[in-house]
Amino acid sequence: MAGVSADLAELAQRQLEDAIAVKQAMLSSGCLDLAAQVADAMTGSLRAGGKVLFFGNGGSSMDAGHLAAELAGRFYFDRPALAGVSLADATASMTAIANDYAYDEVFARQVQALGRGGDIAVGLTTSGNSANVVNALVAARDGGLVTVALTGRSGGKVAGLADYCIQVPTDDTPRVQEACLHLGHTICEIVEREMFPVP
């Protein structure tokens with residue numbers, strides 16, 4: 001048992017070292033400048049009465065919900081609610097659209113229904129190639145929304161679609177998700193501070 005335990009501890013250490021290495025690489029990758037630009041665009045949209053639509057699949061759908069909640073609820077301090085919406089949380093719409101149209105359309109149809117020019121659409125996809133995220137960004141672009149993609153190093157199809165494509169410096173799925181959530185938190189913190197400056 002001692003050998004197994006040591007192997008597991010070594011695996012845990014390697015994973016943490018990998019995560020740290022990705023965060024270190026982010027410091028010189030341009031991700032942070034893009035995150036600040038996204039936060040500025042988000043702040044402008046919210047000040048004008050717009051909303052932020054988040055979407056993704058699997059773990060990324062949970063991250064989309066997490067980030068929407070940071071805006072609608074609070075991040076660091078109490079303040080008025082901000083319009084953050086996670087499209088994956090709309091179970092009835094998701095299943096109806098998947099059933100009546102196709103799973104590839106579950107986010108695009110919601111963007112068409114809820115999005116207005118000047119709103120922000122944020123797609124999370126580790127590969128950059130999730131068809132429903134790609135289609136939603138196309139629908140958002142066509143509807144005059146500002147488009148944002150949070151994705152891995154390769155960028156995939158979303159790299160050519162989004163106004164702001166933040167490509168974290170790894171293609172390892174768990175590390176991409178961790179890095180994107182970190183950037184999402186950074187964006188939400190900046191938005192909160194810009195919208196409601198602390199005296």
Side-chain angles (χ1 to χ4, degrees), residues 31 34-35 37-72 81-168 171 173 176-177 179-181 183-185 187-188 191:
C31 287
L34 277 173
Q37 291 174 42
V38 168
D40 186 60
M42 233 178 244
T43 300
S45 177
L46 291 165
R47 280 181 174 152
K51 69 184 83 67
V52 184
L53 306 177
F54 296 91
F55 44 92
N57 296 289
S60 295
S61 76
M62 295 295 100
D63 292 340
H66 182 147
L67 296 174
E70 301 290 21
L71 295 181
L82 297 171
V85 180
S86 172
L87 301 185
D89 290 350
T91 307
S93 292
M94 286 269 295
T95 55
I97 294 165
N99 184 65
D100 296 343
Y101 296 92
Y103 188 71
D104 289 356
E105 298 301 318
V106 294
F107 299 135
R109 294 281 298 187
Q110 291 188 76
V111 166
Q112 291 163 353
L114 301 172
R116 299 294 178 264
D119 287 350
I120 312 288
V122 182
L124 293 88
T125 166
T126 57
S127 68
N129 294 315
S130 300
N132 56 5
V133 174
V134 170
N135 290 345
L137 290 172
V138 171
R141 183 188 61 194
D142 292 347
L145 283 73
V146 176
T147 54
V148 178
L150 289 166
T151 188
R153 175 171 31 220
S154 64
K157 293 178 181 176
V158 299
L161 289 174
D163 296 312
Y164 303 96
C165 184
I166 305 180
Q167 295 166 241
V168 300
D171 285 314
T173 297
V176 173
Q177 290 176 327
C180 287
L181 186 57
L183 291 167
H185 272 162
I187 290 165
C188 289
V191 168

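Treat the numbers as computed from the prediction; the structure is a model and nothing was measured.
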If you round to the nearest 0.5 Å, how far is [atom2] of [Y] from [atom1] of [X]?
| X | Y | atom1 | atom2 | answer |
| --- | --- | --- | --- | --- |
| Thr91 | Asp89 | OG1 | CG | 7.0 Å |
| Met62 | Gln177 | CE | CD | 11.0 Å |
| Leu87 | Gln110 | CG | CD | 4.5 Å |
| Tyr103 | Ser130 | OH | OG | 8.5 Å |
| Asn132 | Ser61 | CG | OG | 10.0 Å |
| Leu181 | Cys188 | CG | SG | 9.0 Å |

Identified side chain to side chain contact (heavy atoms under 4.5 Å, CB included) counterpart of Cys180 within the set Thr126, Val168, Asp63, Ile166: Val168
Enumerate, atom names and distances included, each donor-acceptor pair closer than 3.5 Å involving a side-chain atom of residues 41-50, sequence neighbours excluded.
unit_1 : atom_1 : unit_2 : atom_2 : d
Thr43  : OG1    : Ala39  : O      : 2.8
Ser45  : OG     : Gly118 : O      : 2.8
Arg47  : NH2    : Glu194 : O      : 2.6

Polar side-chain atom of Thr151 near backbone of Thr125 as donor-acceptor pair, under 3.5 Å: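 Indeed, once roles are kept as given, a pair shorter than 3.5 Å links the two residues.
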Whether Asp171 side chain and Ser154 backbone form a donor-acceptor pair below 3.5 Å: yes
Are side-chain heavy atoms of [X] and [Y] found at a separation under 4.5 Å?
| X | Y | result |
| --- | --- | --- |
| Leu137 | Phe55 | yes |
| Leu161 | Val138 | yes |
| Phe107 | Asn135 | no |
| Leu150 | Val38 | no |
| Val122 | Leu67 | no |
| Lys51 | Ile120 | no |

Nearest non-hydrogen partners of [X] and [Y], listed with the distance:
| X | Y | result |
| --- | --- | --- |
| Gln112 | Arg116 | O-NH1, 4.1 Å |
| Arg109 | Ile97 | CB-CD1, 3.5 Å |
| Ala68 | Ser86 | CB-N, 3.7 Å |
| His185 | Glu70 | NE2-OE2, 3.0 Å |

Criterion side chain to side chain contact (heavy atoms under 4.5 Å, CB included) on Val134 and Val158, from CA distance to verdict: CA-CA 6 Å; Val134 170; Val158 299; 3.9 Å; yes
Atom pairs and distances, donor-acceptor, side-chain atoms in residues 142-149, under 3.5 Å, two or more places apart:
unit_1 : atom_1 : unit_2 : atom_2 : d
Thr147 : OG1    : Asp163 : N      : 2.8
Thr147 : OG1    : Asp163 : OD2    : 3.1

